[in-house]
Structures are given as C-alpha cells and as structure tokens.
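These notes are about the structure you will find just below.
One-based numbering, in listed order, for ligands and for the atoms of each.
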Amino acid sequence: MKVIYTNEALALSLSNIKGDLGFVPTMGALHDGHISLIERSVSENKFTICSIFVNQKQFNNAEDFEKYPKTIDTDLAKLEQAKCDIVFVPTNEQIYPTNFKASYFELGNIENVLEGFYRPGHFQGVCIVVNRFLDLIKPNKLYLGRKDFQQCIVIQKMLALQKLDAKIELCIVNTKRNRYGLALSSRNLRLSEEAKRKSLILITCLENAKATLITNTTTDILKIQKESIKEIKQAGFESVDYFDFINEDFEVIKKNTESKRIIAILTAATIDAVRLIDNIEI
Ligand code: PAF
C-alpha cells in the first residue's frame with residue numbers, strides 16, 4: 001500500500017494505474033463502516049484509493065472541527081489490512097492552494113432541510129472537497145456510506161451538475177452497526193459505553209416508525225414523529241434536531257396523503273454532547 005501526501009506524487013502514482021479505480025473519501029478515524037466501503041471497492045475494482053482529509057470547509061462548528069478524532073496510524077494499519085492500494089493524505093495547502101477558487105453548487109431545496117438546515121454551508125463544503133478529489137483522482141467509482149443518506153443524495157446531484165454522472169458511478173454502501181444497533185461513526189469515539197447503549201433507541205424508533213407507516217398507510221405522521229422524539233429524549237438524549245419523513249424530492253412530509261411517496265425517515269439527536277445521525281429507507 002502506497003501512502004501519498006502531495007498532488008504531484010498522486011498524479012505520478014495514478015499514471016501507472018491501468019484498470020478500474022474505486023475511490024473512498026474519508027476524514028479518517030476509520031471504523032468498520034469505512035472498511036466495508038474499502039472492501040466493496042477492492043472487490044469491484046482493480047485499484048482502490050482512499051483519501052484521509054478533515055475538510056474544515058464542511059464544519060460549521062469550529063469546536064467540532066478541532067475535536068474531530070485523528071487516528072492516522074491505526075487508520076493506515078486498517079487500510080493495509082483491507083488491501084487498499086493507495087492512501088492519499090493531503091495537507092490543507094494541497095487541497096486548497098492559495099489560487100484555489102471554490103465553485104458554488106446549485107443544490108436547491110436539499111441544502112435547506114435537515115442537515116442542511118442545522119449545518120449551514122455543510123453541503124457546499126462537502127461538494128467542494130469531493131469535487132476537488134474527483135478532479136485529482138478521476139476514479140471510475142465513488143463509494144459513500146448510507147448512514148449519511150442526505151450526503152449521498154447531495155453528491156448524486158453534484159455529479160449530475162458537474163456532468164460527471166456518466167463517468168463516475170456512485171456506489172452507496174449499507175450502514176454498519178455496532179452490537180447495540182448504533183450506526184458506526186467516527187464521532188462514536190467520543191461516546192461513553194452507556195451512551196452507546198442508550199443510542200440503540202435511534203434505530204429502534206426508526207424501525208418502529210417504518211413498521212407503523214407500512215402497516216397503516218393513513219397513519220398520522222406528526223403523531224409518530226412526536227412520539228419518537230419523546231422516546232428518544234426519554235432514553236437519555238439531550239435534544240432531537242429532527243425525526244423527519246422525506247419524499248423522492250427530498251421534501252419533508254407532514255401528512256401521509258401526499259402523492260409523492262415517502263422514501264426514508266431521517267433523524268439527528270445529541271447525547272453526551274455528541275450529535276448522531278441515522279436513517280431508514282422505506
Ligand atoms: O462523509 C465524510 O466523511 C465526508 O463528508 C467526506 C465525504 C469524506 C467529505 O469530506
């Protein structure tokens with residue numbers, strides 16, 4: 001496995017590659033969820049490249065950026081074991097040189113709801129960095145985790161806006177969970193064992209809400225939402241930003257009578273001062 005730190009070394013390494021290239025962008029602090037993306041890419045491509053870069057542009061909270069876990073040595077060991085071919089670990093200057101001009105992406109409504117609402121500018125920051133990596137790496141396939149469902153839809157849109165959708169296949173990999181059912185996330189490193197156990201309530205509420213929705217198509221969505229938020233708080237969460245139902249156009253649905261079908265339920269809630277997100281497909 002090659003570890004590369006500069007754009008020049010990256011270009012040189014990529015020039016020797018003949019065959020399909022799979023790309024897994026990450027911010028490090030790798031867990032089994034990331035590794036499942038690497039494994040999927042390894043199984044589907046001749047070469048796999050992973051980037052490790054904590055992208056300040058997508059953090060709307062300076063403290064969250066400062067606190068973002070950094071575990072580079074164990075990350076590299078895990079990637080080596082997963083048979084990743086190249087790891088790109090650029091500095092901020094490599095990704096955003098002084099002459100770098102960030103594009104603005106017309107993402108529409110998706111940028112204003114749920115994560116977009118609670119983290120203003122977040123998705124522009126994600127698009128800027130992913131687009132920059134795609135430009136440097138030019139992969140055939142791009143792998144993202146379903147845990148960040150809204151991010152997956154945003155990137156799909158960004159690929160279409162940049163006319164990259166025909167060249168780069170977006171592969172969405174299912175969420176990995178711990179033994180309690182908690183979706184794996186680098187932020188989980190900041191949770192106590194007790195908080196991890198309590199966090200099981202997120203997937204429990206999502207599964208119950210889905211079951212209710214499927215068995216009774218005239219269910220009052222606002223009632224499910226209210227009860228789920230109550231249960232999450234009762235389980236020990238400090239706050240719940242949202243527990244929302246969205247349709248194919250990523251609009252938040254308040255009534256089950258709308259013609260466009262509900263495609264997923266998404267939630268974000270804070271425990272131990274750590275903000276967790278999760279979702280379930282309908
Ligand atoms: O999902 C993440 O870890 C990040 O948003 C990504 C895609 C690596 C971009 O920085």
Side-chain angles (χ1 to χ4, degrees), residues 4 10 22-38 40-41 48-62 64-72 74-76 78-79 82 84 86-92 94-96 100 102-103 105 107 110-111 114-116 118-137 139 141-159 161-162 164 168-176 183-190 266 268 274-279:
I4 286 173
L10 176 73
F23 171 46
V24 182
T26 81
M27 298 205 295
L30 303 184
H31 49 67
D32 286 355
H34 295 113
I35 299 305
S36 71
L37 304 188
I38 299 286
R40 168 105 177 255
S41 173
T48 291
I49 177 165
C50 171
S51 62
I52 298 181
F53 178 67
V54 186
N55 175 38
Q56 187 161 15
K57 282 197 195 297
Q58 70 187 74
F59 285 81
N60 53 317
N61 177 329
D64 198 23
F65 172 68
E66 291 305 329
K67 279 192 186 163
Y68 205 83
K70 288 162 196 77
T71 58
I72 188 73
T74 49
D75 289 352
L76 294 179
K78 285 178 187 176
L79 289 170
C84 182
I86 303 174
V87 189
F88 183 38
V89 193
T91 56
N92 201 56
Q94 295 289 315
I95 296 302
Y96 303 125
F100 177 77
S103 310
F105 298 89
L107 298 172
I110 192 162
E111 209 184 351
L114 310 183
E115 287 308 285
Y118 283 94
R119 305 182 66 186
H122 170 68
F123 287 127
Q124 287 296 325
V126 170
C127 286
I128 289 167
V129 78
V130 174
N131 189 47
R132 175 87 174 117
F133 276 121
L134 296 180
D135 199 36
L136 291 168
I137 295 171
K141 290 186 180 177
L142 167 66
Y143 293 83
L144 294 175
R146 197 174 189 288
K147 195 206 71 161
D148 297 301
F149 184 67
Q150 194 170 356
Q151 171 171 276
C152 294
I153 309 291
V154 161
I155 295 296
Q156 200 168 44
K157 186 147 194 187
M158 186 272 277
L159 291 175
L161 287 171
Q162 298 298 95
L164 288 171
I168 302 174
E169 186 185 336
L170 176 60
C171 307
I172 299 175
V173 181
N174 280 342
T175 307
K176 273 249 172 198
L184 297 188
S185 160
S186 305
R187 290 192 173 81
N188 295 358
L189 288 174
R190 286 157 45 199
L266 291 84
V274 181
R275 189 171 179 277
L276 303 176
I277 60 171
D278 204 350
N279 65 80

Worksheet item: Would you say Gln162 has more than 12 foreign heavy atoms packed within less than 6.0 Å of its CD?
Response: yes
Worksheet item: What's the spacing between Leu10 CG and Ile49 CD1 if we round to 0.5 Å?
Response: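 That separation rounds to 5.0 Å.
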Discussion item. Quick check for you: to the nearest 0.5 Å, what is the distance between Leu276 atom CG and Lys147 atom NZ?
Written reply: 8.0 Å
Item to complete: Heavy-atom distances under 4.0 Å are what count here, so tell me which part of Thr26 touches ligand 1: side chain, backbone, both or neither.
Response: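 The answer is the backbone.
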Which atoms from ligand 1 have a heavy atom of [X] less than 4.0 Å away?
X: Pro25; answer: 8 (C)
X: Gln58; answer: 4 (C), 5 (O), 9 (C), 10 (O)
X: Val129; answer: 9 (C), 10 (O)

Fill in: Candidate list Glu66, Met27, His122, Lys67, test side-chain contact (heavy atoms from CB on, under 4.5 Å), partner Phe59, passing option
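Result: among Glu66, Met27, His122, Lys67, Met27 is the only option passing the side-chain contact (heavy atoms from CB on, under 4.5 Å) with Phe59.
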Item to complete: Start with the C-alpha gap between Lys57 and Tyr96, add the side-chain angles, then the distance that decides, and say whether side chain to side chain contact (heavy atoms under 4.5 Å, CB included) holds.
Response: CA-CA 10 Å; Lys57 282 197 195 297; Tyr96 303 125; 3.4 Å; yes
Discussion item. Please list the nearest protein heavy atom to atom 3 (O) of ligand 1 with its residue and the distance rounded to 0.1 Å.
Written reply: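 So the nearest neighbour among protein heavy atoms is Met27 CG, 3.8 Å.
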Fill in: Nitrogen or oxygen atoms of Gln151 and ligand 1 under 3.5 Å apart
yes
